[in-house]
Amino acid sequence: MQKIPVTRDGKRGSEVIVIDSSDVLKIEQVRGRDVVIHTLDGSFYLDFSFENLEEWLFEDGFRLLDNANIVNMNHVKEYDARRGTVYLGTSDRNGAITASAAHIHRDHIKNVIELISTADSASKHHDPERYEQLFAKLISETRDDQFLRSYATLRAVNERKRAEEQITHMAYHDALTDLPNRLLFDQQSRLYLEEAEKTGGRLAVLFFDLDRFKVINDTLGHHIGDRLLRCLANKLRGYVKEKDVVARFGGDEFILLTSLAHKDEASQFAQGILELLRDPFVIETQELFVTASIGISIYPDDGRDSDTLLKNADNAMYRSKEKGGNSYHYYHPEMNRRSLRRLNMEIDLRKALERREFRIHYQPIIDLSSGSVFGTESLVRWHHPEWGMIPPGEFIPLAEETGLIVPIGNWVLREACRQNKAWQLMGFPPLVVSVNISAIQFHQSNFVQLVTDALRESGLPPDLLCLEITENVAMANVPHIVETMQKLKQLGVRISIDDFGTGYSSLSYLKRFRVHTLKIDQSFIRDVTSDEDNAAIVTALIAMSRRLKMKSLAEGVETKEQLEFLIAQGCDEIQGFVFSRPMPAADFEQLMKENRQLSLH
């Protein structure tokens, strides 16, 4: 707000009084030179050029009415177009200060008022298209230089204001979804928390991210993932109540804040989000099904500030992840201990290789034409000095997240080759050893050289090594994958696609890859004898493998009934508890010495 130096009589040497521009109702030029300032308390004189006043006071709301009147639009109460009179300060015409314009300037006044209202984003008359049309019309038709300067000033300030609003919006909103970002969420949540503290209210913070969203990005491309996130943001806007806060935290993570009458409302709210995701997202004719893992923290039970509530909701979300996703969990203090364990696990994981804490267990792969052991899959295990054997499902995701999967995976590759060559030297029949390759490993620029070195150092024939890559890895950056696969096949190495049927693969790509083996994911095998859909999928995958001259391998076979079904459908190979669990190298040697076979009858 500008400070305006004025005098009571306009004479030089008179006492200067400083008034706020907000107190000024109108400014007029009298006798062709004197500038008079009018307030509710009286009139004052200003020693300043009238022509420059509007630009100086523009952002405080002052606009030129005609050649001799500038009014503070903040104090305009009424405009009588017939008389050309603006009423200022009060809606009572008898007590209001007025500003009159010549008849020929009445259109100018209406134009100024319309330009202001259509440009103001907070006005009910806000209409950017109308604003642009009116401005263009005025510039082309107005002949009065002073009015042209007024319109130009109006335009310049509005453009600056719009740019500032846009910059402010960008600072507080996510560029992809236009949802509030973390910064705006923090500000709004503080206000909600302050209000809840005064009123004794309860709030819920929900932290959620999409399950396996990376699969969509890796297989269909980030542009598809981005469009899905925008569609989800629109769904969330329509789902939340007017006073709720929904924000994008980053990546595929979102946070919501809602007020509660009772704690159970939070679970209803979370269930509603899961229901929201039941219907597929249709993007470029592709139906995409996604689920979410949601964590809930409650104010004031689980924290009294935004950071604590977010941290605890995040911990609860990871609990939902651990349970397989597509679920929600309330925060519990025990989760902090699990979070601390995860942190300590990462620290120890970084030291595990040099401490020689990793082991490889081997699970036999059975040839269903004979029932004999055809090969083995090498599966890494971590024997922690304090916690004992840590399940792969607990440390593998952490290794992938931290990038440690690369040195761990490269060690498994070398060790599996060395061990298989050792069994060959012991006189066992040739076995194909399968090694799981992570996405990060496979995309190493020197990956083919690493495989070459592992074979050379161990002396293992290339055809006795099979590299397993997941379907999702195969679909990421297909040209690079095809080129790498061709180099590996020229080397003589076998390749299999793991977890087939769980992602978004294209059969045309599968044809291009020309892999040796198609591994059917155990999620289809589990209910293959009781679920008609799973049975149909497995039957189709086996038939497709045969037509494409690939071997079919079913993993996770646990029962005799599953085995009989697979044999009947012509599956080539299986692995699973129906024959043997993964075992240490010494136990696998004993199994081979005993020449143990799977009974096919």
Side-chain angles (χ1 to χ4, degrees), residues 358-368 371-382 389 391-393 395-396 399 405 408-424 428-438 441-442 451 454-455 458 460-471 473-474 488 493-502 515-526 545 550-558 562-563 566 571-592 596-598:
F358 291 114
R359 308 281 186 273
I360 297 181
H361 285 197
Y362 298 89
Q363 185 172 36
I365 296 174
I366 307 301
D367 182 350
L368 289 183
S372 60
V373 177
F374 164 79
T376 180
E377 181 177 4
S378 52
L379 302 164
V380 66
R381 299 291 185 263
W382 181 15
M389 198 66 76
F395 76 85
I396 291 295
I405 194 68
I408 294 172
N410 291 343
W411 174 82
V412 172
L413 174 64
R414 293 193 304 272
E415 180 61 19
C417 290
R418 185 203 63 77
Q419 181 62 74
N420 197 19
K421 179 62 177 180
W423 285 329
Q424 194 179 29
F428 293 132
L431 297 170
V432 176
V433 63
S434 295
V435 178
N436 291 286
I437 304 298
S438 71
Q441 268 185 287
F442 200 86
V451 175
L455 292 170
S458 64
L460 183 71
D463 64 333
L464 296 184
L465 172 64
C466 180
L467 302 178
E468 292 189 8
I469 62 173
T470 65
E471 174 186 5
V473 172
L488 291 169
V493 172
R494 299 172 185 250
I495 298 172
S496 70
I497 299 289
D498 199 6
D499 299 337
F500 190 81
T502 61
V515 298
H516 295 82
T517 306
L518 201 66
K519 292 190 74 171
I520 303 171
D521 188 68
Q522 59 185 334
S523 62
F524 298 119
I525 303 300
R526 189 177 302 117
S545 300
M550 303 176 189
K551 294 288 187 181
S552 55
L553 192 162
E555 55 183 348
V557 183
E558 298 182 353
Q562 293 168 348
L563 177 62
L566 293 166
C571 186
D572 297 304
E573 301 162 2
I574 64 105
Q575 68 183 94
F577 294 175
V578 71
F579 180 76
S580 173
R581 294 175 177 271
M583 61 188 76
D587 294 346
F588 188 87
E589 286 176 18
Q590 186 59 37
L591 178 146
M592 293 298 295
R596 197 183 309 169
Q597 295 200 342
L598 176 65

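The first residue of the sequence shown is numbered 1, and numbering continues consecutively from there.
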| request: Assess whether side chain to side chain contact (heavy atoms under 4.5 Å, CB included) is satisfied between Val451 and Leu465, documenting all intermediate values. | output: CA-CA 10 Å; Val451 175; Leu465 172 64; 4.0 Å; yes
Would you give the length of the straight line joining atom [atom1] of [X] to atom [atom2] of [Y], rounded to the nearest 0.5 angstrom?
{"X": "Glu468", "Y": "Arg494", "atom1": "CD", "atom2": "CZ", "answer": "12.5 Å"}
{"X": "Asp498", "Y": "Ile520", "atom1": "CG", "atom2": "CD1", "answer": "11.5 Å"}
{"X": "Leu553", "Y": "Cys571", "atom1": "CG", "atom2": "SG", "answer": "6.5 Å"}
{"X": "Ile495", "Y": "Thr517", "atom1": "CD1", "atom2": "OG1", "answer": "10.5 Å"}
{"X": "Asp463", "Y": "Cys466", "atom1": "CG", "atom2": "SG", "answer": "11.0 Å"}
{"X": "Ser458", "Y": "Gln424", "atom1": "OG", "atom2": "CD", "answer": "9.5 Å"}

Heavy-atom closest pair, residues [X] and [Y]:
{"X": "Gln597", "Y": "Ser372", "answer": "NE2-CB, 3.5 Å"}
{"X": "Glu573", "Y": "Phe374", "answer": "OE2-CE2, 3.6 Å"}
{"X": "Val412", "Y": "Ser378", "answer": "CG1-OG, 4.2 Å"}
{"X": "Pro364", "Y": "Thr376", "answer": "N-OG1, 4.2 Å"}

Please tabulate, for side-chain N and O atoms in residues 413-420, each donor-acceptor pair with protein atoms closer than 3.5 Å (sequence neighbours left out).
from, atom 1, to, atom 2, distance (Å)
Arg414, NH1, Asn410, O, 3.4
Glu415, OE1, Arg418, NE, 3.2
Glu415, OE2, Arg418, NE, 3.3
Glu415, OE2, Arg418, NH2, 2.6
Asn420, ND2, Leu431, O, 2.9
Asn420, ND2, Leu464, O, 3.3

Show me the donor-acceptor pairs within less than 3.5 Å that the side chains of residues 575-587 make with the rest of the protein, sequence neighbours left out.
from, atom 1, to, atom 2, distance (Å)
Gln575, OE1, Lys519, NZ, 2.9
Gln575, NE2, Gln363, OE1, 2.9
Gln575, NE2, Glu377, OE1, 2.7

| Once the angle between the rings of Tyr362 and Trp423 is folded into 0 to 90°, is it parallel (under 30°), tilted (30 to 60°) or perpendicular (over 60°)? |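 Ring orientation of Tyr362 relative to Trp423: perpendicular.
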| message | Would you call the rings of Phe395 and Trp382 parallel, tilted or perpendicular, taking 30° and 60° as the class edges? | response |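 Answer is perpendicular, since the angle exceeds 60°.
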| request: Might you work through the side chain to side chain contact (heavy atoms under 4.5 Å, CB included) test for Met389 and Arg381, ending with a clear yes or no? | output: CA-CA 7 Å; Met389 198 66 76; Arg381 299 291 185 263; 3.8 Å; yes
Are any non-hydrogen side-chain atoms of [X] and [Y] less than 4.5 angstrom apart?
{"X": "Phe588", "Y": "Ile360", "answer": "no"}
{"X": "Leu566", "Y": "Ile525", "answer": "yes"}
{"X": "Arg596", "Y": "Val373", "answer": "no"}

| field | By side chain to side chain donor-acceptor pair (under 3.5 Å) - contacts of Asp367 (at least two apart) | value |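 Only Ser369 meet the side chain to side chain donor-acceptor pair (under 3.5 Å) criterion with Asp367.
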| task | Ignoring hydrogens and angles, tell me if any N or O in the side chain of His361 forms a donor-acceptor pair with the backbone of Leu379 under 3.5 Å. | result | no
| Side-chain donor/acceptor of Ser552 to backbone N/O of Leu518, under 3.5 Å | no
| Take atom NZ in Lys551; do more than 12 heavy atoms of anything else shown fall under 6.0 Å from it? |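 Atom NZ in Lys551 is not packed in, count stays at 12 or less.
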| task | Starting from the C-alpha separation in whole Å, work towards a yes-or-no answer on side chain to side chain contact (heavy atoms under 4.5 Å, CB included) for Leu598 and Ile574. | result | CA-CA 10 Å; Leu598 176 65; Ile574 64 105; 4.0 Å; yes
